[in-house]
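Numbering of ligands and ligand atoms starts at 1, following listing order. All values reported here derive from a predicted model rather than from experimental measurement.
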Amino acid sequence: MEKRVHQSIEQVFNVPFTYQVFFTEDLFSSANGLFADLVKGDKVPKVYMVLDEGVVQHHPGLIAAIKAYASEHREVFTLCAEPLVVPGGEQVKNDQQYFQQVLKATHEYGIDRHSYIVGLGGGALLDMVGFAATIAHRGIRHIRIPTTVLSQNDSGVGVKNGINAYGKKNYLGAFAPPYAVINDAQFLQTLEERDWRSGISEALKVALIKDASFFVWIEQQALDLMDKSHSSMQELIYRCAQMHMDHISSGDPFEAGSSRPLDFGHWSAHKLEHLSDYRIRHGEAVAIGIALDTMYSFLAGMISENELNRVVDVIVKLGFELYVPELSGDSLLKGLEEFREHLGGELTIMLLDKIGSGVEVHQMDPALVRNAVEKLNQLQLTNSRA
Ligand SMILES: NC(=O)c1ccc[n+]([C@@H]2O[C@H](COP(=O)([O-])OP(=O)(O)OC[C@H]3O[C@@H](n4cnc5c(N)ncnc54)[C@H](O)[C@@H]3O)[C@@H](O)[C@H]2O)c1
Ligand SMILES: [Zn+2]
């Protein structure tokens, strides 16, 4: 008789994830019941707030408004400590002291799995706070209140959290859907011009790989967006957030495979952010990354010159650069290998086969990448002379 060498028990279960992204204004005004309704339960939960210093500086009444709101709704929830204010921007993901501060607070204030940790700020702060909330007690509910265009239309509405380590972006992190996301349009009014513009590149990205009509809409709205039209921006954010969320639920939400369609334009963007010591913001780097991969798609014979020109024109109209010196060094191409490592497995890069349709490739020709960089450099020079 054949000897049995191993046994197994198969375990299968499904955990459904649901979360809502709300769109509102003046979240902490007494007339707005959204936040209180969201955290209302049988017991009075603790709420711990982590705020982006950049937002607090531009909204000096914010902390007082949060406290007044909490006091008004004291039967629904309680602020278990003073809101923690930490710097905004990449610094909060690069320097682990802020991440440690949030973890320590969970210990000091007894923040448990029936409590809520609320991150309010740009994408960088939300990534950091979400990660701390995810690992303390194996997951405390976290609510995100994104305050930049990029975080309202892209980074804040998804399932990824993390911080940077070993000089690499998002090296430590976890997939964890938020309890809810609240987009308050009011915050966007105080964004610096760069941050207003920055998140538009993520909308351009999804439009180019998935939806030609959205691309046409962005082409038509480009000047209004640059004029700070709030109604255009609200529509852009809503459409882009919707497309991101649809993509996450219909595809591979926890990115088990090597395919990363929403990372169009991102292999070089991540590298540029790092090479420039984060002088170049994520969204700005993504715009350049889109220009590079679109130029590459053209040089590889995948899209027409007319399509290339339309993409380049819209990037320029939105006030982004096409070229930065960091593109020309030898280090850029290392970004490809780092991107592969980050995906694990096979290199998979999204390129364009027409406007509104992406196609994945598994290698990029270094000579063609260099050629694409040189062409962008020339275009930028021509534009600056015009
Ligand atoms: N988790 C994801 O899926 C995902 C996706 C894309 C990007 N990201 C990450 O998001 C980060 C970029 O986020 P971002 O573009 O939102 O910028 P950011 O978080 O870097 O913030 C930029 C600056 O804006 C300030 N700020 C934020 N809100 C403000 C407001 N309302 N008024 C005035 N100033 C304000 C901040 O203090 C900061 O100085 C990067 O770390 C990137 O890696 C994450
Ligand atoms: Zn991005």
Would you say D52 has any N or O atom under 3.5 Å from an N or O of ligand 1, going by distance alone?
yes

Under a 4.0 angstrom heavy-atom cut-off, which atoms of ligand 1 come close to T147?
27 (C), 28 (N), 29 (C), 30 (C), 31 (N)

Shortest protein heavy-atom distance from atom 31 (N) of ligand 1, along with the residue and atom involved
F187 O, 2.9 Å

Considering just N/O/S atoms, say which atom of H266 is closest to the Zn ion (ligand 2).
NE2

Is there a continuous path of hydrophobic side-chain contacts, each under 4.5 Å between heavy atoms, that joins L34 to Y238?
no

Check this for me - ligand 1, H59, N or O atoms closer than 3.5 angstrom, yes or no?
no

Which atoms of ligand 1 sit under 4.0 Å from any heavy atom of L150?
7 (C), 10 (O), 12 (C), 13 (O), 14 (P), 15 (O)

Can you check whether Y179 and Y19 have ring centres sitting under 6.0 Å from each other?
no

H282 atom (N/O/S) at minimal separation from the Zn ion (ligand 2)
NE2

Only heavy atoms count here, so choose which of N161, D154, I248, D127 is nearest to atom 44 (C) of ligand 1.
D127

Measuring from the Zn ion (ligand 2), name the closest N, O or S atom belonging to E202.
OE2

Polar contact flag for K160 and ligand 1 (N/O pairs, less than 3.5 Å):
yes

